[in-house]
Each structure stands twice: as C-alpha cells, then as structure tokens.
Undergrad: 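My structure is below; once you've seen it, I'll send some questions.
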2 protein chains.
Amino acid sequence: MARGAIGVDLGGSHVMAAVVDDAGEIHARVEHDITDHTPEVVIAMLTAAVKGAIDGSKLELAGIGIGSPGNIDPASGTIRWSPNFGWENVPLGQRVRDAFPKLPVFVGNDARCATLGEYVHGIGQGTANFVLLTLGTGIGGGIVAGGELILGAQMGGGEFGHHQIRPESGFVCTCGKVGCFEAQASGTGLIRHAFRVAPSFPRSSLLDVAREKLGSKAIRKAAQAGDLHGLAAWGAFCDDLALGLSNVIAFVNPEVIALGGGVSSAGDFLLERLRPSVDAKTVTVPRGTTRIVRATLGNDAGAVGAATMALRGGLVAQVAPPARLAVSGS
Amino acid sequence: MARGAIGVDLGGSHVMAAVVDDAGEIHARVEHDITDHTPEVVIAMLTAAVKGAIDGSKLELAGIGIGSPGNIDPASGTIRWSPNFGWENVPLGQRVRDAFPKLPVFVGNDARCATLGEYVHGIGQGTANFVLLTLGTGIGGGIVAGGELILGAQMGGGEFGHHQIRPESGFVCTCGKVGCFEAQASGTGLIRHAFRVAPSFPRSSLLDVAREKLGSKAIRKAAQAGDLHGLAAWGAFCDDLALGLSNVIAFVNPEVIALGGGVSSAGDFLLERLRPSVDAKTVTVPRGTTRIVRATLGNDAGAVGAATMALRGGLVAQVAPPARLAVSGS
C-alpha cells in the first residue's frame, strides 16, 4: 500500500482536506465551507473534512498535517494568534488529536506549508534556496535557505509581507504600518494602485463597479488590453513588486522565486515586466541569476505541503541540534 | 596540544592573522598594513601575516581561514568580485594553498565570517536564529537561521545592507540605488543625515571640519551632549536603523540582533533609542521578543569567525544533503 498523509488547507472561507501520497499527488479531496469563525465551528468543519478524507483514503496514512493561518506553536499545534480568524490560543492540534487519536497531528502556518509543498513537490524541486510568494489579499510565502524552511525564533520567519518598502508614500497596511510589501504588491495592492492613479484618468470606467466586486483581475485585464488607467496601475504595482523582490534577493539570495496566487495567473505579462525591473535593483549577485517563475501547485500547494509536513514529522527536518552546531573536532 | 586554526581578517587598509583556539580565544596576532590593492601586494602581505602567525603558534593547527571582502567561491576560495579591492576572479585560496601546502585553506566573506564568530563564540551563543549587523562605512553582517548561516545560491545571502528602505527620499548608495539600508543607517549614513538636516541649524558648528575628517563619532557625541543639530541627525539615523531592523525581523525573526562597528560603541544611548522604535514597527512577532544588543567580539569577530570556519570545514556545517532534504520514509 502506498504511503501518504492527510493534508489540510484551512482558509477563511473553506477548509479542504486532501489525501496526498508521498510523491505529492492528491488522490482525493473533501471540502467544506466555513461560515463562522468561532473555534468550535471551524474545528467541527475541519474534523468533518478530515474524517471524510480518511474514509476515502486507500493509502497507508502517516499522519494529519494542517496548514492554518496565524502563528502556531509547532510542538502543541496551538494557534497562538490569528488575525484572520480573530483567534488567540486555540488548541487546534489537541482538538484534532482528540478526534483522531491513532494518527500523529502536525499544525503549521499555511503560507509556510505552501512553501514546503512547492519546494518538495513543485517548482522548488532541486534547489536549496527557494522563496514562494503568494499574491492574494496579502503576500504569504516562505523562505527555504540551505535546504530548510526558515521558521525563526517565534515561527515568524518568512513574514516578509510586512517588510516596509514605501514607508513614506505607501498605502496603509492592514497591520497599521505604511507601505508594507503586501500593502503595495498583493492583489489588493494592485486595486489600491488603480484608485491612487485614478485622478489622472477622469474618463476611465475601470473603477465603475461596486467596490466589493472590484478585483485585481479586471485591472490586469484592462492593462493587457492597453487601457491607460489599467496600465498605470499595473506599472506601479509591478514596480513595487520588483522592489520587494530585490529586497528578498538581498536578504537570502534564492535560486528561484516562485509567484503564486491570483495575480500570478497573468503569467508572462507579469514576469516579463518584472524581471528587468528586479535586475535593475539587484546589486548583490549577478543580475539575472535569480529565476522568477510561476508556482506550479496552485491552490493545492497548502494541502500538499501540509501532508508533506506530516510525512517528514514537522516543517523542518528533525536534525539533532548538536550535529548542526558543533565545531568539528571540538 | 590544544587545537586551533589561523584566522585571517583581510580589510581595505590592513590584514590581521590570528592564532585562534577552538574555544575562540586569540593567542597571538600578526598585523600588516596594506598600502596597495593589487592582488600581488595584498596576497604577499596576507601570506606574510599568516607565516608570522603560524611561526608563533603553539596550537595544533587544523587549517587557515580567511575572511575577505567580496563574493567568494567557497570550493576554490577564489574572489569572484570585490568592489572594495576592485578585484575580479582573484584565486586567493589557491595562492594561499601554494604558500602553505600542508594546511587546508578556507576563504569566506568577511561579514559572514564575523557573523559566524559572534554566533559560535560571541553574543549569538545559545541561539539558533541570530543576526549580526556591523555598522561602519556600510552595513555588513549575516543571518543565522535554524542554526546555520544563510549563504544563498551565489553566496549573496545576508547582503541586507542593500535592501532599500527609503527608495524615494533616501540617500544615493555607493551601489547606485536610492535609500539602501546601509546608505541610511551605517556610520556614513549618520554623517549623511547630519548634512541633510544642517539647513535647519544655521548656527551649528558640527560640520565645520574638513569633510574627510568628519566622523560619525563627533555627531553621536554632539547628540549625547544635547546639541540640537546632533540630536536631529541622530534621531533620523536611529529611525532608519529601526526601520531596517524591523524588516530584518519580518524576514527571519531572529532571537538576537547584535550590532557591531563604530556606531555601536554608543551602547545604551543607541539601544534605548532603538528598541521602542523597532517595537513600534514589529507586527509579525510579539513586540520585545527580539533582543537587540551590542556584539561582543568587536574587531576580533572576523578573525575568530575565519578560524571557526577553518575548524568546522566551511561556513556552514558539512551535512550530507540527502539527510536534510529527505521526506522521512520516502
């Protein structure tokens, strides 16, 4: 019997539990809507999805991996805090262990899980230094350096969405700071740029839709069609994305930067605009040596990565600390 | 006989070779001025210093470690490029091997060597996530994540001195970009801030010295004495340093950030100004959880770290890649 794990992608509006084999292939998926963010409701929907996935699994299951928003204690699987859900100290890992006592349960940040998925089974394969950025409502992602995910002292490594790139002229971020990378260069960042440049395009109808219906896709499509308002917003957005990516390169010098999320579906229209702009801001390594590409696992990255986490026993390989810190011979 | 290595700190104006034991203690040092940056002259001064150190050593020497400016191929020890020396493809490692055929020779970037030194034998001891910033002419330093130095795909990891924090209003950096962290928050950054705010202080005599004699220390001392011009420059400098440090935290969430270099000798006058400012910009981990402290090895960090590199066989521990990348059980 092939080996695998249950990989769970817990989002704000739905939860998906997938049966994933150790080659990263999804064999089955069970999805439930989440209509209420109280821990009880979310955990009930999550365990129902996991139960459905286990029932439909034909693999030898090594465990359950859950990718969740928020900052998570890796030992217990407790969500320390999650702005998305408004949670503090929710013992998600323990509750899932209570429901499935026969399987090991691992909980990790959703963006780090997606990074692990893309690294082990997606576009990051074969590299040792890799960065994923998911451009959506914010910028999620993670950093792999020297073959391992960066988790940081409090599991806050890879939160580069909140590094400030426009501290003076930027948009106000959801975190309250000005000009965070994600305020400027996420999908919602593109929408903000469209509003900012709107006064220069008084005849544009680009923003003539109900505010809640305005998506980044319409702006990108307008830019692709040559609409001047769309092009101005798109250009400003790409400049800010390039600025942040060049900062990523200065910090960790990845071999590959993979872009996921809705905006990345623009493909070459995005990448060909982006690459020379990143190159122009790259001074620490030879220009053009960082490959900027689309992520390949799409919305499955989180579930595949969560299952990978369960299969390897955690977000990072479990290497004994003394072997890593020792000075040889001492 | 105690075990040790020769650690070499190669700078723009001098080279220092030290006899360092495996506890990081320096037993002897030999220093030579460097008056000419041609590879022949620099290598001759370096090998003379190494020879002097070896002759004075009473340790069992495991090798020679050299911390050099520039981007360095770790296998050969060739300096691929060094803006400081104006070098390209200088086979420093091979030349030193030719001179000392009995000892293994390792060459690493000087800032990464200093980071390794502070991590293994200085203020970074006992942590697994650590960042060193040396505030001098530029900002050198390095990142330790999960117990290992970040080197990156082309040895460009940790070059955060060139991440842009003020891309609109900042100073022009030596690299040509605007508002790089090191243009704003190095020792020379402090001097630049003093010039920028000078028009607001027409009676100030702070800048009434020959330009080449103006140092960051005079500005800091003036600020400490309550001089308004000095205080304005110092405040702008500290704000930019805090901005960059909060970006460091967003990227890698270190447990400790250590500050070295001339400006760091301000001690609490710097740190007590800095900490609340960093806290105010920290949203990804609990405020106050990143300890911001002075580095402890001072100018010795580079030589101690270079010797440590020789003792451990490279800048990062030599762990077999399959063990680090494997998904357990696959």
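Numbers restart at 1 for each chain; the letters A, B, ... are given by sequence-line order, proteins then strands.
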Undergrad: Check whether more than 12 heavy atoms from other residues, nucleotides or ligands sit under 6.0 Å from atom CD of Glu88(A), and answer yes or no.
TA: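 At most 12 heavy atoms, drawn from other residues, nucleotides or ligands, come within 6.0 Å of this atom.
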Undergrad: Using side-chain heavy atoms (C-beta onward) and a distance below 4.5 Å, is Asn247(B) in contact with Asn247(A)?
TA: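 No - every pair of side-chain heavy atoms lies 4.5 Å or more apart.
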Undergrad: Heavy-atom cut-off 4.5 Å, strictly under: side chain, backbone, both or neither for Pro83(B) against chain A?
TA: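 Nothing of Pro83(B), per the 4.5 Å heavy-atom cut-off to chain A.
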Undergrad: Heavy-atom distance under 4.5 Å to chain B: side chain of Val248(A), backbone, both or neither?
TA: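 Looking at Val248(A), backbone and side chain both touch chain B.
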Undergrad: The criterion is side-chain hydrogen bond (donor to acceptor under 3.5 Å, both in side chains); which residues satisfy it with Glu168(B), sequence neighbours excluded?
TA: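 side-chain hydrogen bond (donor to acceptor under 3.5 Å, both in side chains) list for Glu168(B), sorted by chain: Arg166(A), Ser169(A).
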Undergrad: For the candidates Pro286(B), Gly142(B), Ser246(B), which exhibits the highest count of non-hydrogen atom pairs separated by less than 4.5 Å from chain A?
TA: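 Max contact count across the listed options: Pro286(B).
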Undergrad: With a 4.5 angstrom heavy-atom cut-off, which part of Leu151(B) approaches chain A: side chain, backbone, both or neither?
TA: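 Backbone only.
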Undergrad: Taking 4.5 Å as the heavy-atom cut-off, does anything in residues 175-183 of chain A contact chain B, and if so which residues?
TA: Cys175(A), Lys177(A)
Undergrad: Is there any residue in residues 152-165 of chain A with a non-hydrogen atom under 4.5 Å from a non-hydrogen atom of chain B, and which ones are they?
TA: Gly152(A), Ala153(A), Gln154(A), Met155(A), Gly156(A), Gly157(A), Gly158(A), Glu159(A), Phe160(A), His162(A), His163(A), Gln164(A), Ile165(A)
Undergrad: Under 4.5 Å heavy-atom distance to chain A, tell me which part of Val256(B) shows up: side chain, backbone, both or neither.
TA: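 When you check distances to chain A, no heavy atom of Val256(B) falls under 4.5 Å.
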Undergrad: Using the side-chain contact (heavy atoms from CB on, under 4.5 Å) criterion, which residues pair with Glu25(A)? Sequence neighbours excluded.
TA: Asp21(A), His27(A)
Undergrad: So which part of Asn253(B) gets closer than 4.5 Å to some heavy atom of chain A, the side chain, the backbone, both or neither?
TA: both
Undergrad: Examine whether an atom of Ile249(B) lies under 4.5 Å from a heavy atom of chain A, and if so say whether it belongs to the side chain, the backbone or both; otherwise answer neither.
TA: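 For Ile249(B), the contact with chain A is made by the backbone alone.
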Undergrad: List the atom of Trp81(B), the atom of Thr284(A), and the distance in Å for their closest heavy-atom pair.
TA: CZ2-O, 3.6 Å
